[in-house]
Every structure is written in C-alpha cells, then in structure tokens.
2 protein chains.
Amino acid sequence: MTEDEILTSIFAKLPHPPDDVAVPPGDDCAALKISDDTLMLLTVDQLVGDKHYLMRKTRPEEAGRKLLARNLSDIAAMGGTPTYCLLAVATPVRGAEQWVQRFVQGVLTLARLYDVHLIGGDLATAPHDQVAGLTLVGTVSPRRVCLRSGARPGDGLFATGCFGQSFETGHHLSFSPRCREARFLAENATVTAMIDVSDGLLLDAFRICRASTVGLRLNLDSVPRRTVTTTQGNALYDGEDHELLVALDSKSAETVTGDWPFKDVCLTHIGDFYASGTPEIRDTHNTVLAHDTPHGYDHFALHANH
Amino acid sequence: MTEDEILTSIFAKLPHPPDDVAVPPGDDCAALKISDDTLMLLTVDQLVGDKHYLMRKTRPEEAGRKLLARNLSDIAAMGGTPTYCLLAVATPVRGAEQWVQRFVQGVLTLARLYDVHLIGGDLATAPHDQVAGLTLVGTVSPRRVCLRSGARPGDGLFATGCFGQSFETGHHLSFSPRCREARFLAENATVTAMIDVSDGLLLDAFRICRASTVGLRLNLDSVPRRTVTTTQGNALYDGEDHELLVALDSKSAETVTGDWPFKDVCLTHIGDFYASGTPEIRDTHNTVLAHDTPHGYDHFALHANH
C-alpha cells in the first residue's frame with residue numbers, strides 16, 4: 001500500500017468528526033472553525049535523515065529549514081497564512097546537542113521570514129535515526145479556503161514555478177514556499193482547487209482529479225522544467241517541487257495571469273479539466289497518463305524517461 | 001545539557017510572541033487566545049521504539065495508546081479538555097503497513113474514550129527506528145488554566161495516584177491520563193500550579209518550584225508508592241508516572257480532599273511550599289533534596305537507592 005492508501009484506510013475508520021471540523025483529514029491541512037470568519041488550519045509533516053536529506057552532507061540548518069518549508073507549502077495550498085508551529089525532534093545521542101541547536105536555528109530563521117512563532121517542542125533520543133516532525137498552525141477565511149475537491153470541467157490548471165530534479169539541483173533544500181502567491185490567488189481569483197506538489201506533478205494533479213471527480217487534459221510541452229537537462233519525465237514524476245497546482249475558472253484565469261505581480265515566479269497554464277465519471281489524466285493526444293485501478297493509482301507513458 | 005536546558009536555551013532565542021499567545025513555550029502546553037472565554041491548548045510529544053517501549057515486546061496498539069496518553073496527561077496538567085490530534089509516524093519499511101495500522105488503532109481506541117478526534121497525519125519511512133509524534137489540541141477557560149508558575153508559600157502540594165516503577169509494572173503502557181481529575185480540581189479548587197509527572201516526582205516538583213520561585217518541603221513518607229517493593233528512591237526518581245502534582249491553597253485543599261469523588265484514584269497531601277529566594281526542595285528533616293546549580297538542576301540523597 002502507498003502512504004495515500006494507508007492514510008485513506010485509516011481515515012475511513014474514523015468516527016464522524018464534530019461540526020467544528022470544517023475540513024476533515026485528507027487535504028493539505030485540516031481546518032477547524034474558530035469563528036464565523038476564521039478557520040484554523042493544522043498540518044503535520046516529517047523530515048527523516050537519509051530519506052529527506054543526507055545526514056553526512058546536509059547542514060542541520062538546511063534540514064530544519066526544509067522541514068518548516070514543507071509545512072509552509074501545505075498552508076499555502078489552502079490559501080492560508082501560517083502563524084504558529086510545534087517541533088518534535090528525535091536524534092541519536094552522539095552529537096545531538098549541537099545538531100539540534102543548529103537544526104532548530106534553521107527552522108527559526110525561516111520562521112521569522114514567514115512570521116511564524118515556535119510555541120512548543122519535544123526532544124527525544126532515538127537509537128539510530130534523525131526524525132523530526134513539525135506541526136504548523138495557520139488561519140484562513142472560510143470564504144477563501146482552497147481545497148482539492150472543487151475543480152470543475154472547463155477550469156484551467158495552472159502551476160507556479162518549475163518542475164523536476166529537485167534533489168539533484170538542491171531545490172528541495174532552498175525552495176521558497178508559495179504562501180504569498182497562494183494568498184494572491186485566493187484573494188484575486190476564483191480558485192476552485194489547489195494542492196502543493198510534493199510527490200510529483202502527475203500524482204498531485206491526479207489527487208485534484210480524484211477529489212474533484214474530473215478528468216484533466218495536461219499539455220506536457222507547457223510544463224516548465226527546472227533546468228535545460230530536466231526531462232519531461234523528471235518534471236512529471238520527481239518529488240519535492242513544492243510548487244502549487246491551481247485550478248482556476250476561465251474568467252478569473254485571464255485576469256489573474258494578467259495581474260500576476262511576482263516577477264521571479266512564473267504562473268503557467270498547463271492543462272484543462274473536463275467532465276469525466278472517473279478521475280483520469282490524458283495528454284493532448286488523448287493518451288491516458290494516469291488513472292485509478294482496483295489496486296490504486298497507476299500512471300503510464302514517459303515512465304521510461306523517468 | 002539536559003532536554004530542559006536545551007529547550008530553555010532554544011526558547012530564550014525566540015522573538016517576543018504575539019499577544020494571542022497566552023502561555024508561551026515552557027509549560028506542559030502552549031495556549032492561544034481563541035476568544036474571551038477560550039484558550040486553545042497545543043502540545044507535542046514523541047514515542048521512540050526501544051526508548052519508550054520495547055520494539056520486540058510491546059504490541060503496536062499499546063505503543064499507540066501510550067503516545068496519546070502521554071499527550072492527554074499534558075492537557076490534563078493545564079486543566080484542559082482534549083479535542084483534536086495530528087499524528088506523524090516514521091517506521092522502517094519492513095512490516096510497516098501492519099505495524100502502522102495497529103499503532104494507529106491503539107491511538108484511536110483511547111481517543112474515542114477521551115472524545116479526541118484525529119484530524120491529520122503524516123507517514124514516512126525511516127532507515128532503522130520507529131518514531132511517532134502526536135500533536136494534541138485542547139481547550140480551557142482562561143479563568144481555569146493551570147500553569148506551573150503560580151505556587152505560593154503556604155500552598156499544599158498534592159499528588160494523584162502512586163509513584164515509581166512505571167516501567168517494571170507496565171503502568172507506562174496502561175495508565176489513565178488524569179483529565180477528569182484535573183478538570184475537577186480546576187473547577188472546584190484554587191489550583192495555583194499543576195504539572196504532569198513524566199520525568200520523576202522530584203524533578204517535576206522542582207519544575208513547579210523553579211517556575212514559581214518557591215521552596216517545597218516534601219514529606220517523603222507520605223508519597224504513595226506503586227507496589228510494596230517500590231522504594232522511596234523509585235517513587236522520587238523513576239519516570240513516566242503520568243500523575244498530577246497540584247499546588248492548592250490551604251482553604252480549597254480542605255474542601256476538595258473532602259469532596260474528592262474518584263474512588264479509584266487517591267489524592268495525597270505530600271508537601272507544603274515555603275518562601276525561598278531560590279527554588280529548592282527539602283525533606284522534613286530540612287535536608288536539601290534538590291536545588292539549582294550553575295550547571296543546572298541537581299538532586300541529592302536517596303540517590304543510592306535509585
């Protein structure tokens with residue numbers, strides 16, 4: 001089973017949530033009703049040594065930065081503003097003190113840039129591994145909150161930034177979470193769905209299709225690639241881009257692309273949603289790129305380039 | 001450096017928190033102002049395989065139960081009511097799926113008893129270790145919130161339950177977090193300070209002394225021990241009792257011990273606070289049991305029995 005499938009099977013067992021849960025588990029963040037005009041967003045993400053960074057090569061500050069950045073990207077994907085975080089770190093005893101201090105410094109340096117405050121933490125020793133978890137709190141207006149589930153036939157799919165080879169280029173350690181871009185979109189356009197691309201563009205686009213029960217025609221040639229040597233396969237399947245995929249209704253798409261104020265981050269129209277009884281992604285030649293099977297998500301084509 | 005010292009040095013570097021942080025890091029939970037009559041409590045705690053439980057012997061359900069129970073104890077210590085949780089789990093790939101499902105089941109079974117809802121999660125693979133972190137959300141009235149810092153000379157120190165040998169007896173896997181007891185105290189007595197005993201009675205009592213700048217005269221003979229073979233040293237220094245230490249003003253102490261409605265959980269008067277310019281704990285013979293040194297917390301006596 002994939003992480004998605006395990007989580008889905010866990011969430012399926014949960015009792016019906018109370019009324020103040022505005023967004024139940026399964027989106028980029030959960031959301032709680034705090035007042036008539038405020039939702040509180042909550043998300044948790046982990047960073048594991050030698051999985052998400054190389055313990056021997058990565059500076060602790062870079063690892064700490066990355067952990068917060070991944071969570072910021074989840075708050076961005078809901079159109080929210082991050083506010084508070086709690087940090088849990090488990091490390092082997094050897095060298096722990098200095099490593100933890102530097103790791104936390106990496107969290108705090110980025111936190112200051114995004115006006116996030118650390119309000120709690122836990123330290124533990126682990127036999128072998130470095131594992132850190134960060135819970136990030138944020139806020140969003142219920143009128144502005146962006147889910148995965150609202151994309152409609154006729155909406156366009158837009159992407160911020162570039163895709164592929166995040167690990168090879170170091171992007172996974174240095175990326176800027178798209179909080180201001182997401183808020184601009186949520187405030188100035190009709191965002192019908194939004195998601196953070198953490199597990200590859202194709203899979204995360206498919207998550208919108210699945211949550212919204214729509215098909216997506218993806219224009220492969222229009223997907224911006226990170227470098228001149230990045231292949232189409234890299235751009236579709238590599239993970240950790242931490243860009244946004246945004247479904248916009250066609251009217252507001254025109255306005256918002258014209259008014260887009262961020263010179264250093266491109267917003268690219270990469271596809272269009274169509275009516276489909278089952279979620280799927282096709283290219284402009286009508287070749288199926290991704291669909292669900294009885295055994296879970298499957299994707300085809302371009303795989304050889306990956 | 002101890003965990004306390006590392007955390008203190010981290011918290012000392014934090015910028016001044018925004019006004020809606022009612023309780024900054026350093027207590028059992030952080031608290032955010034949500035409205036005039038509600039604080040939101042937030043706490044995070046971790047559980048590490050072969051540190052907090054034995055990977056070969058402990059059932060995954062028991063480990064999951066323990067993780068939530070530890071966090072519930074932190075919400076209890078603030079006088080709060082738990083509401084929502086987010087769960088992050090990192091495990092080695094081998095056997096991960098079944099282990100995670102059973103671990104989560106342990107969390108959910110206890111969650112149902114305490115009316116806590118799981119609203120988010122993250123799964124990751126780790127090279128070797130099992131590390132899980134749980135963030136627990138709760139609520140409390142600002143008039144009822146119990147901190148570590150309010151104990152005054154003349155207040156009595158009370159303890160729920162028994163102490164020592166939590167690991168040897170299996171108590172650390174099966175304990176009942178004292179949420180209802182804590183709420184009863186917060187609602188029916190003048191609780192001037194409260195803390196969850198996770199790192200040994202003496203150290204956690206000393207944390208109240210330090211946060212409140214008071215001395216504590218501890219009546220060693222009155223500390224309830226878990227079994228007939230539990231030594232005084234076990235009761236003072238062993239960890240993971242997850243009982244409450246409560247400072248009560250003398251008037252309400254009389255009333256609340258008389259009205260104590262929980263037949264299966266004793267509430268015992270174990271000491272009294274006195275004025276002291278520096279935090280310290282002495283026994284009834286005036287022997288110093290714990291005090292601060294330039295190198296951190298130090299404790300004496302009974303150590304040989306530990």
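The chains referred to below are lettered A, B, ... by the order of the sequence lines, with proteins before strands, and numbering in each begins at 1. Only a predicted model underlies this, so the values are computations on that prediction, with no experimental measurement involved.
In this structure, chain B has a heavy atom under 4.5 Å from the side chain of A/H117, while its backbone stays farther away. Using a 4.5 Å cut-off between heavy atoms, A/V23 does not touch chain B at all. Only the side chain of A/V104 comes within contact range of chain B, judged by heavy atoms closer than 4.5 Å. Heavy atoms closer than 4.5 Å to chain B are found nowhere in A/Q130, neither backbone nor side chain. Proximity to chain B (any heavy atom under 4.5 Å) is shown, for A/I119, by both the backbone and the side chain.
Annotation: maximal heavy-atom pairing with chain B below 4.5 Å, among A/A31, A/A124, A/S35, A/G120, occurs at A/A124. When the candidates A/D45, A/I34, A/D27, A/T43 are compared by the number of heavy-atom contacts under 4.5 Å with chain B, A/D45 comes out ahead. When each of A/P15, A/P18, A/A90 is scored by its heavy-atom pairs under 4.5 Å with chain B, the top score falls to A/P18. Ranked by heavy-atom pairs shorter than 4.5 Å toward chain B, the options A/V21, A/L47, A/T125, A/D115 are led by A/T125. Counting heavy-atom pairs closer than 4.5 Å to chain B, the top-ranked of the candidates A/L42, A/V100, A/V137 is A/L42.
Listed here is the closest heavy atom pair of A/P127 and B/G49: CG-O, 3.7 Å. Looking at every heavy atom in both residues, B/V131 comes nearest to A/Q46 through O-OE1, 4.2 Å.
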Given A/I10 and B/L118, is the side chain to side chain contact (heavy atoms under 4.5 Å, CB included) satisfied, shown in steps?
CA-CA 10 Å; A/I10 289 168; B/L118 178 70; 4.2 Å; yes

Determine, step by step, whether B/Q101 and A/K13 satisfy the side chain to side chain contact (heavy atoms under 4.5 Å, CB included) criterion, reporting the C-alpha distance in whole Å, the side-chain angles of both residues, the deciding distance to 0.1 Å, and the verdict.
CA-CA 11 Å; B/Q101 296 272 10; A/K13 284 183 217 157; 3.0 Å; yes

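Heavy-atom contacts from other residues, nucleotides or ligands closer than 6.0 Å to CG of B/D37 number more than 12.
At a heavy-atom cut-off of under 4.5 Å, chain B is reached by A/Y84, A/L86, A/L87 from residues 60-87 of chain A, listed in order of number.
Within the 3.5 Å criterion, the main-chain N or O of B/A126 finds no donor-acceptor partner in the side chain of A/D129.
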